[in-house]
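To start, the structure under review is shown below, and the notes come after it.
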Amino acid sequence: MDKKIQAMVVFGTRPEAIKMAPLVLELKRHNRLEPLVCVTGQHREMLDQVLALFGIVPDFDLNIMQSGQTLTEITARSLTGLEKVFNQARPDIVYVHGDTTTTFAGALAAFYGQIPLAHVEAGLRTGQKYAPYPEELNRKLTGALTDLHFAPTASAKKNLLAENVPEAQIFVTGNTVIDALRHTVRPDYAFSRPELNGLPSEKRLLLVEVHRRENLGAPLEAICRGLRRVAAENPDVLMVFPVHRNPAVREPVNRHLAGLERVLLIEPLDVADFHNLMQKSTLIFTDSGGVQEEAPSLGVPVLVLRDVTERPEAVAAGTVALVGSAADRLVETAANLLRDQAAYAKMANAINPYGDGRAAERIVAATNWYFAKSGARPEDYSVN
Ligand code: UD1
Ligand code: UDP
């Protein structure tokens, strides 16, 4: 038998793990491919939660996380570690995901090693250098180093074409986060966190997830003040907020929201708990990218606590609203949706602009096609 293609999947943070897990599982199903997993450990606990859920044991773990690391430190330590791993394992292809510092370091290390690079979730853009920061430039720089661009949507492909990426290198696959969602959401789901099984059914659930670097400082303070008012002014809600591990997030969140009536601050949830809690929610408040993609397919309206988004599809469809970080706007938008049933119903449409659950399958098909250099090119994903 021919030598197997060594396919090295690199990730380091929670969202990358959630979105790469379906790819790792799919690669394992194909005889010609041998998946190798390298984690930088940019996140530790939040990454390990995802690995455990999907039963993935990394072949390499750089374990780089330290409290309060700068972007330069994360990049430098990932790059040095990845060079050694790539020299040792000599992969035939490297996959990175999205827009984190791990992503960019993985892309650069693959380039230095002259290893073909595949970018999953390619082509998202806001067009603004510092929004989101540093993600917009991480994904642009990664794109410049990429051989196979796996764009989740047609509009992401359009962004790449506008930057003169050759069309032959772009595959529209859908987003692997929808594949992950298919694994996790169940009607009869029992939460692993006991406190979530006993939530009062008469309360409307408001779910919060905020962590973005560009929101740290004054915007996060304003968001917390807004959330505090939403909980205070709406007696029939329960706000559940799994708080990101970043101390720069934890400190203001605890200062503004700990101990309040109708606010439950909890540790980050494993992704199955989080997805199933999303499904039970009336409204979601977030600056997270992944949550903006997941919620539309669950039919849950999202208030995005940012001024711009690289995920315009659900905004166009009306299920996601950009509200920024000003407290007044957040409070007014939430109050209106909680009061006005027609306005709420208009936003609570289940739509699937981000995928059909078969993105990993398409990525693997494209990989096989790329190495076989023959046969039919896999078909692009399109929304029907
Ligand atoms: C990172 C990514 C961001 C992504 C986000 C998803 C970069 C620069 N940022 O941001 O694109 O949206 O992940 O969550 O790549 N920490 C822990 N335990 C954990 C995870 C984090 O203690 O499991 C703490 C550490 O002290 C760490 C801090 O959180 O220093 C910040 O983590 P970092 O990866 O630098 O940035 P994020 O804001 O998480
Ligand atoms: N998520 C999770 N547990 C939580 C909060 C979020 O598993 O307590 C999941 C969420 O469903 C989504 C992903 O984490 O798939 C998003 O990660 P994050 O918000 O950290 O990063 P982003 O998507 O903004 O890059």
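Counting starts at 1 for both ligands and their atoms, following the listed order.
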Assess whether ring-ring contact (aromatic ring centres under 6.0 Å, His included) is satisfied between Y189 and H275, documenting all intermediate values. CA-CA 10 Å; Y189 183 77; H275 283 170; 9.8 Å; no
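- Close N/O approach between I18 and ligand 2 is not found [any backbone or side-chain N/O within under 3.5 Å].
- Annotation: L269 places an N or O atom under 3.5 Å from an N or O atom of ligand 2; distance criterion only.
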Side chains of residues 221-243: which donor-acceptor partners sit under 3.5 Å, not counting sequence neighbours?
unit_1 : atom_1 : unit_2 : atom_2 : d
E221   : OE1    : R255   : NH1    : 3.1
E221   : OE1    : H256   : NE2    : 2.7
E221   : OE2    : R255   : NH2    : 2.7
R228   : NH1    : H256   : O      : 2.6
R229   : NE     : E233   : OE2    : 3.4
R229   : NH1    : D328   : OD1    : 2.9
N234   : ND2    : V230   : O      : 2.8
D236   : OD2    : R204   : NE     : 3.0
D236   : OD2    : R204   : NH2    : 3.1

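- Listed by number with element, the atoms of ligand 2 under 4.0 angstrom from any heavy atom of P242 are 8 (O).
- With sequence neighbours excluded, no residue forms a salt bridge (charged side-chain N to carboxylate O under 4.0 Å, His left out) with E16.
- Distances between N or O atoms of D270 and those of ligand 2 include no value under 3.5 Å.
- Of the protein's heavy atoms, E294 OE2, 2.4 Å lies nearest to atom 15 (O) of ligand 2.
- Under a 4.0 Å criterion applied to the non-hydrogen atoms of P268, ligand 2 contributes the atoms 8 (O).
- Inclusion of K19 in the set of residues having an N or O under 3.5 Å from an N or O of ligand 2 is not warranted.
- For the pair G290 and ligand 2, the shortest N or O to N or O distance falls below 3.5 Å.
- Every heavy atom of E135 sits 4.0 Å or more from the atoms of ligand 2.
- Annotation: atom 7 (O) of ligand 2 to nearest protein heavy atom, V271 CA, 3.3 Å.
- For ligand 1, the 4.0 Å heavy-atom shell contains residues T13, P15, Q42, H43, R44, E45, M46, M65, Q66, S67, G68, Q69, L71, I74, T100, T101, P134, E135, H211, R212, R213, H244, R245, N246, P247.
- For the pair S288 and ligand 2, the shortest N or O to N or O distance falls below 3.5 Å.
- The distance criterion of under 3.5 Å between nitrogen or oxygen atoms is met by E209 with respect to ligand 2.
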Expected list for residues 298-306: side-chain donor-acceptor pairs under 3.5 angstrom, two or more places apart:
unit_1 : atom_1 : unit_2 : atom_2 : d
R306   : NE     : V308   : O      : 3.4
R306   : NH1    : E310   : OE1    : 3.3
R306   : NH2    : E310   : OE1    : 3.3
R306   : NH2    : E310   : OE2    : 3.1

